[in-house]
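This report refers to the structure that appears directly beneath it.
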Amino acid sequence: MKIAEQSNNPYQVNEKGYYGPYGGAFIPEMLYPNVEELRENYLKIMAEPSFQAEFEHLLKDYVGRPTPLYFAERLSEAFNTKVYLKREDLCHTGAHKVNNTIGQILLAKRLGKHKIVAETGAGQHGVATATVCALMGLECIVYMGEIDIERQAPNVARMKMLGAEVRPATSGSRTLKDATNEAMRHWINNPVDTHYIIGSVVGPHPYPDMVARFQSVISEEMRTQLAEKTGTELPDYVIACVGGGSNAAGAFYHFLNEESVKLVAVEAAGKGVSTGHSAATTFLGKPGVLHGSRSILMQTEDGQVVEPFSISAGLDYPGIGPMHANLATSGRGIFRAITDEESLAAGFQLAKLEGIIPALESAHALAALKTLTFNPDDVVIVNLSGRGDKDLSTYMKFL
Ligand SMILES: *Cc1c(COP(=O)(O)O)cnc(C)c1O
């Protein structure tokens, strides 16, 4: 795992846990010892050669890395430029999330934790967590909103088959934010033996930085693979969808300081940015604190979190990680909002042109191609964060 230089990089986290004005650790006092233990140890542990060796071994033989960087010829023709797809959809469990859960489970073991707690919305992070707990033989409890448990039956079944206990969150709107509250409460009550695995670049410091580092393998591979194919490590564009922001953080990581590389972050507009049914955080949100860090979030005048909406469960989040909030505010990132309809069209287009059915989240990134103006020689990498099997029932409604 190659780690980017911190000094001199205004887009990386600083020693205090901030990306520009965003980040930090806004947590209840009861949670402080847990988060502090993690903060004191995560960099030390990640730098250990034995940790790196085990992480790399599992990424290779269990996850199937490196994932290919595929030149999409017919898609390139359609946009009159050179489009490459980073195939995170080929990872074990079908998306990039497992890169992070492998990293965190190895870290948990070295911290002497033998129980894992996690929260999940659509169930994708819950499945990735249950998977690595089975792999390591650790106890796994996943909190999930009661409503989500009803909506996401196949992922609930997967988690149970993998040996996890799925606990319903029955308070509030009985969705992701309530599951997050319950998981935090669980961690507060079990600080000694339990590690809390967060699934994106959100939460209190050091989570956003830790998750970004585990996912940074994506851009590390991109550079090597692009050099092999084209003779240069630097593309003109990297495009990725943003829910919390972990696949985008991984895809951008080793390009953050390369100003010639345009970083395009794609949010879910839902039914449209101004329809009241959207998840386009940077277009609609304001600075505030959510889930332990200061970032940009969708909120009412008096600071109540607004329920997000997107056809894609993985992008249905009212906030965005602090790294991305800083990319938005500083102008380093180019932000796009893509509607449900546009993402569906892009998903069908990729299936027809390349024989690849993308996750609806990744289809948002693909749909951003038509919002940009390329030269024929431009090299554009789209991070294909996951595969579309989980979204077939949604796609089927539009066949
Ligand atoms: C969860 C998920 C996302 C969104 O999460 P990020 O942390 O923003 O990457 C994107 N794509 C897929 C396939 C997912 O499962």
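Remember, it's 1-based here, ligands and their atoms both numbered in the order they're listed. Numbering starts at 1 and runs along the sequence shown.
Closest to atom 11 (N) of ligand 1, if we only count protein heavy atoms, is S385 OG, 2.8 Å. Of all protein heavy atoms, the one closest to atom 6 (P) of ligand 1 is S246 N, 3.3 Å. The nearest protein atom to atom 4 (C) of ligand 1, hydrogens excluded, is given as G314 O, 3.3 Å; this is a heavy-atom distance.
Listed by number with element, the atoms of ligand 1 under 4.0 Å from a non-hydrogen atom of A359 are 13 (C). Of all atoms in ligand 1, listed by their number and element, those nearer than 4.0 Å to a heavy atom of G245 are 6 (P), 7 (O), 8 (O). When each atom of ligand 1 is checked for a heavy atom of C241 under 4.0 Å away, the hits are 10 (C). Interface of G386 with ligand 1, defined as ligand atoms under 4.0 Å from a residue heavy atom, comprises 13 (C). In summary, the atoms of ligand 1 found under 4.0 Å from a heavy atom of S200, numbered by their order in the structure, are 6 (P), 7 (O). Near G243, with a cut-off below 4.0 Å to any heavy atom, the atoms of ligand 1 are 8 (O). The E361 neighbourhood of ligand 1 comprises atoms 3 (C), 10 (C), 11 (N), 12 (C), 13 (C), with distances under 4.0 Å to a heavy atom of that residue.
The aromatic rings of F214 and F55 sit tilted relative to each other, their planes meeting at an angle between 30° and 60°. By the 30° and 60° cut-offs, the orientation of the rings of F309 relative to H277 is perpendicular.
Using a cut-off of 4.0 Å between Lys/Arg side-chain N and Asp/Glu carboxylate O, R174 and E150 are scored as not salt-bridged.
Ring centers of F374 and Y237: under 6.0 Å apart, within the cut-off.
With rounding to the nearest 0.5 angstrom, the CG atom of L384 is 10.5 Å from the CD atom of E354.
The closest side-chain heavy-atom distance from Y207 to Q104 is below 4.5 Å. At a threshold of 4.5 Å between non-hydrogen side-chain atoms, the residues Q152 and M144 count as touching.
Comparing heavy-atom distances from atom 3 (C) of ligand 1 across K97, K390, Q124, Q215 singles out K97 as nearest.
Checking only distances, V242 never comes within under 3.5 Å of ligand 1, N or O to N or O. In terms of N/O distances under 3.5 Å, ligand 1 is approached by G244. Among the atoms of L315, none of the N or O lies under 3.5 angstrom from an N or O of ligand 1.
Around the CD atom of E73, the shell of radius 6.0 Å holds no more than 12 heavy atoms that belong to other residues, nucleotides or ligands.
Residues passing the salt bridge (charged side-chain N to carboxylate O under 4.0 Å, His left out) test with R74, sequence neighbours excluded: none.
Using modelled atom types and a 3.5 Å distance limit, the side chains of N100 and Q215 yield no donor-acceptor pair.
Using a 4.0 Å cut-off between heavy atoms, E88 makes no contact with ligand 1 at all.
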